[in-house]
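Worksheet for the structure shown next.
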Amino acid sequence: MAASLGPAGVGGAGPSGFAFDSGLEIKTRSVEQTLLPLVSQITTLINHKDNTKKSDKTLQAIQRVGQAVNLAVGRFVKVGEAIANENWDLKEEITIACIEAKQAGETIAALTDISSLNHPESDGQITIFTDKTGVIKAARLLLSSVTKVLLLADRVVIKQIITSRNKVLATMERLEKVNSFQEFVQIFSQFGNEMVEFAHLTGDRQNDLKDEKKKAKMAAARAVLEKCTMMLLTASKTCLRHPNCESAHKNKEGVFDRMKVALDKVIEIVTDCKPSGETDMSSVSIFTGIKEFKMNIEALRENLYFQSKENLSATLEVILERTEDFTDSAYTSHEHRERILELSTQARLELRQLISVWIQSQSKKTKSIAEELELSVLKISHSLNELKKELHSTATQLAADLLKYHADHVVLKALKLTGVEGNLEGLAEYACKLSEQKEQLVEACRLLRHISGTEPLEITCVHAEETFQVTGQQIISAAETLTLHPSSKIAKENLDVFCEAWESQISDISTLLREINDVFEGRRGEKYGYLSLPRPMKNNANLKSLKADKPDSEEQAKIAKLGLKLGLLTSDANCEIKKWEDQENEIVRNGRNMSSMAYSLYLFTRGEGPLKTSQDLIHQLEVFAEEGLKLASNVQVFSKQLKDDDKLMLLLEINKLSPLCHQLQTITKTPLQNQVFLKVDKCITKTRSMMAILVQLLSLCYKLLKKLQMENNRWVSVTNKDSMDGKT
């Protein structure tokens with residue numbers, strides 16, 4: 001769900017952050033929703049063999065698929081035409097692609113029409129297609145035209161985001177130069193509207209990104225814009241109230257600079273253009289380096305000439321050189337430092353031993369040498385695993401200690417007090433303490449980045465490091481302004497806003513630490529939380545946010561009833577999951593993740609569990625819908641192993657699930673002002689329907705898998721018997 005960037009305005013009403021939605025984004029999402037069922041239906045048609053015979057029931061099912069394709073194409077064409085009418089520069093290209101898609105859909109419907117398939121066979125069954133080549137050609141044309149429209153629509157969305165960013169930048173330039181409060185109020189109101197529009201465009205884009213690394217970068221940039229919008233308001237007002245105060249101007253300039261960098265970062269992500277000189281995050285992560293190094297040495301088992309010993313030695317040295325960030329840190333304990341150095345030395349020695357055995361194995365192909373090589377690989381892998389544990393322990397212990405030590409925010413409270421007292425000596429003392437605290441937190445983030453385990457978490461660590469670095473300086477300049485003007489209400493409000501941003505980032509570090517531990521200990525699933533996603537700050541009187549209208553007793557009863565049914569369905573799903581022998585099967589994993597999330601939703605309806613607000617619920621539902629689409633994809637892959645009748649039965653169930661997933665995504669992204677209960681009600685109803693289909697899919701897939709295994713075993717048994725008979 002897109003977050004509400006930007007205030008409602010200054011001194012007047014403005015649009016809520018959830019009131020705006022881009023019509024084009026809804027249309028392009030609709031295009032993608034029609035595309036996924038199309039692909040599976042077309043694949044089903046093409047995969048039927050010309051020489052197979054089918055019952056009337058199967059033939060009717062094939063005709064229904066052909067008609068469904070044509071209907072979906074019709075919806076697709078309407079969406080494409082709507083996009084074309086709104087974008088004249090691309091109208092001709094989109095229109096041509098839509099005409100091609102329409103022709104292809106009509107061709108597929110005609111070729112799968114029962115009335116065109118005559119010549120029934122003597123046994124009452126008839127041939128499936130008289131012109132399979134025509135279906136293949138039509139399918140290729142359809143997919144080509146669909147892809148073309150999607151690419152053109154994507155260009156339109158990118159252009160919208162760039163245009164919106166340019167509008168925001170232009171208004172920011174006017175805000176920087178404004179001299180009167182009245183003029184500021186007028187321009188800032190416009191700025192608020194533009195930021196809301198930009199928030200929704202980028203929020204939808206973030207949800208549509210498939211690359212988790214890009215998604216994390218977008219989330220970080222949007223988080224900066226979210227928090228800086230409120231900072232910009234109070235910092236600018238402070239400057240207008242105290243125009244000759246140098247610290248106030250310094251404070252405001254810091255906010256403007258950070259927002260401009262974040263806006264540029266968004267454009268880099270949507271246009272996929274990296275600025276020259278940008279370093280790849282993976283090149284500075286110790287854990288990523290160890291992972292790649294272990295893959296290289298394990299590859300020696302299959303290929304002794306995979307790479308040179310010089311490359312292997314150089315790779316290890318780069319990894320161990322990066323551990324100096326830990327050993328050189330003033331915050332690393334003596335015990336941790338000694339243990340890291342000891343493990344680094346051990347890794348070097350074991351690599352030398354590995355290289356020695358490796359060279360011998362290239363000339364001597366004996367069993368003993370092969371076993372010695374295997375042992376050497378296992379030894380160095382073990383040493384590197386021990387090094388990872390030690391680095392993880394060092395970084396997480398430092399972060400946990402800092403969070404505990406700074407939990408009461410004593411320094412921030414002292415800065416606020418010295419400010420209202422006008423105590424310049426006290427300001428200098430506590431500014432120094434905050435700088436020390438900032439350096440400690442920055443160092444902790446830097447170490448956490450090395451052991452984060454995934455690129456999205458690594459990016460979040462970098463974002464946290466930058467936030468502490470910048471916000472620490474801005475708190476000091478805001479505190480200096482208040483100390484020089486202790487009776488100024490706006491200067492006090494400004495300091496409060498920056499302190500809240502600091503406290504919010506401390507809270508984010510606590511969440512980040514939990515997620516890093518989950519990844520390290522293997523507890524994390526394919527998705528986790530919404531870390532780095534923008535969320536409203538506590539003392540945000542000038543921002544309109546999504547506030548839950550309190551449901552009455554009847555509404556509460558309805559939600560509780562829906563939740564109870566959802567809870568029962570999760571029990572049914574878990575029972576089906578337990579039947580599977582292979583608990584690591586992708587279908588089982590998807591089902592388990594969906595069941596776990598559905599149970600959290602059930603707890604939410606009872607006022608329990610990890611989901612505390614309606615916003616938490618919406619975010620969880622977005623992840624739930626994505627997991628449902630992954631399940632549909634994995635079931636479709638499984639269906640390719642089945643016979644045609646079983647495959648059609650399974651695909652019909654998939655085609656029930658996919659639209660529900662897309663409908664749920666649409667509901668979560670659709671703003672409903674002052675109707676939070678209605679939105680929650682719709683979402684839980686859709687979730688319940690998806691869980692019902694999940695239970696059916698798990699049961700059906702299990703039965704079909706057993707049937708497939710029995711057929712395979714029977715074939716193997718017959719083959720073995722024939723082989724024995726031949727020998728006899």
**Asked** How far apart are the closest heavy atoms of F624 and M594, and which atoms are they?
**Response** CE1-O, 3.3 Å

**Request:** Quick one: list whatever passes side-chain hydrogen bond (donor to acceptor under 3.5 Å, both in side chains) with E390, sequence neighbours left out.
**Result:** H336

**Ion pair K217/E268, N-O distance below 4.0 Å** = no

**Request:** Please list, chain by chain and in numerical order, all residues satisfying side-chain hydrogen bond (donor to acceptor under 3.5 Å, both in side chains) with S477, sequence neighbours excluded.
**Result:** N251

**Asked** Among side-chain atoms of H450 and E458, is any donor-acceptor pair under 3.5 angstrom?
**Response** no

**Prompt:** Would one find more than 12 heavy atoms of other residues, nucleotides or ligands at under 6.0 Å from atom CD of E324?
**Reply:** yes

**Polar side chain donor-acceptor pair, H242 to T481, under 3.5 angstrom** = no

**Fill in**
OG (S236) and NZ (K252) are apart, to the nearest 0.5 Å, by 5.0 Å

**Request:** Please tell me if the side chains of I490 and E493 come closer than 4.5 Å, counting only heavy atoms from C-beta onward.
**Result:** yes

**Message:** Rounded to the nearest 0.5 Å, what separates atom CZ in F188 from atom OG1 in T171?
**Reply:** 11.0 Å

**Request:** Identify the heavy atoms of G453 and V519 that sit nearest to each other, and give their distance.
**Result:** CA-CG1, 4.2 Å

**Considering all heavy atoms, the nearest L621-L664 contact** = O-CD2, 3.8 Å

**Message:** Just so I know, are the side chains of L495 and K492 near enough to count as touching, which here means a heavy-atom distance under 4.5 Å?
**Reply:** no

**Prompt:** Looking only at heavy atoms, what is the nearest atom pair of L201 and S164, with distance?
**Reply:** CD1-CB, 3.7 Å

**Message:** Under a 3.5 Å distance rule, please check whether N494 uses its side chain to pair with a backbone N or O of A235 as donor and acceptor.
**Reply:** yes

**Asked** Is a side-chain donor-acceptor pair under 3.5 Å present for Q190 with E194?
**Response** yes

**Fill in**
So salt bridge (charged side-chain N to carboxylate O under 4.0 Å, His left out) across residues 403-418, not counting sequence neighbours, yields K416-D496

**Prompt:** Any donor and acceptor pair, going by atom type alone, linking the side chain of S488 with main-chain N or O of H485 inside 3.5 Å?
**Reply:** no

**Non-neighbouring partners of T238 that pass side-chain hydrogen bond (donor to acceptor under 3.5 Å, both in side chains), sequence neighbours left out** = none

**Message:** Can a donor-acceptor pair be found, under 3.5 Å and without considering hydrogens, that links the side chain of K177 to the backbone of L175?
**Reply:** no

**Asked** When you look at F520 and I451, which way does the side-chain contact (heavy atoms from CB on, under 4.5 Å) test go after all the steps?
**Response** CA-CA 8 Å; F520 186 76; I451 58 100; over 6 Å; no

**Item:** S507 (side chain) donor-acceptor with E503 (main chain) under 3.5 angstrom
**Value:** no

**Request:** Could you tell me whether R446 and E443 make a salt bridge, using a distance below 4.0 angstrom between a side-chain N and a carboxylate O?
**Result:** yes

**Request:** Answer with yes or no whether the side chains of R258 and Q474 bring together a donor and an acceptor at under 3.5 Å.
**Result:** no

**Asked** What residue among L403, D508, D518 forms side-chain contact (heavy atoms from CB on, under 4.5 Å) with L513?
**Response** L403

**Request:** May I ask you to decide whether E176 forms a salt bridge with K260, counting only side-chain N to carboxylate O separations under 4.0 Å?
**Result:** yes

**S329 side-chain N/O to D325 backbone N/O, donor-acceptor pair under 3.5 Å** = no

**Request:** Check whether the side chains of H392 and N517 place a donor and an acceptor atom closer than 3.5 Å, and report yes or no.
**Result:** yes

**Message:** Just to verify, what does S344 make a side-chain hydrogen bond (donor to acceptor under 3.5 Å, both in side chains) with, not counting sequence neighbours?
**Reply:** none

**Considering all heavy atoms, the nearest S285-R449 contact** = OG-O, 4.2 Å

**Request:** Assess whether salt bridge (charged side-chain N to carboxylate O under 4.0 Å, His left out) is satisfied between E386 and K389, documenting all intermediate values.
**Result:** CA-CA 5 Å; E386 289 299 307; K389 287 179 186 177; 3.5 Å; yes

**Request:** I would like to know whether T271 and I162 meet side-chain contact (heavy atoms from CB on, under 4.5 Å); could you show each step before the answer?
**Result:** CA-CA 9 Å; T271 58; I162 293 172; 3.9 Å; yes

**Message:** So K215 and I269, do their side chains get closer than 4.5 Å, heavy atoms only?
**Reply:** no

**Message:** Taking the cut-offs as 6.0 angstrom to the six-membered ring centre and 45 degrees off its axis, would you call K237 and F181 a cation-pi pair?
**Reply:** no

**Intermediate values then yes/no, side-chain contact (heavy atoms from CB on, under 4.5 Å), T471 and K227** = CA-CA 11 Å; T471 310; K227 292 174 181 177; over 6 Å; no

Can you give me every donor-acceptor pair (side chain of residues 425-434, partner residue at least two apart or in another chain, under 3.5 Å) with its distance?
none

**Closest non-hydrogen atom pair, F191 against M259** = CZ-CE, 3.9 Å

**Asked** Out of curiosity, I509 CD1 to L402 CG, how far, rounded to the nearest 0.5 Å?
**Response** 10.0 Å

**Message:** Within this structure, what is the CD1-OG1 distance for the pair I516 and T396, rounded to the nearest 0.5 Å?
**Reply:** 8.5 Å

**Item:** CA sep, side-chain torsions, deciding dist, call: R337, D328, salt bridge (charged side-chain N to carboxylate O under 4.0 Å, His left out)
**Value:** CA-CA 8 Å; R337 183 178 292 107; D328 292 349; over 6 Å; no

**Request:** Examine the side chains of T394 and T332 and answer whether a donor and an acceptor come within less than 3.5 Å of each other.
**Result:** no

**Request:** Report the C-alpha separation of I506 and L441 in whole Å, then their side-chain angles, then the decisive distance to 0.1 Å, and conclude whether the side-chain contact (heavy atoms from CB on, under 4.5 Å) test is met.
**Result:** CA-CA 9 Å; I506 291 279; L441 290 165; 3.7 Å; yes

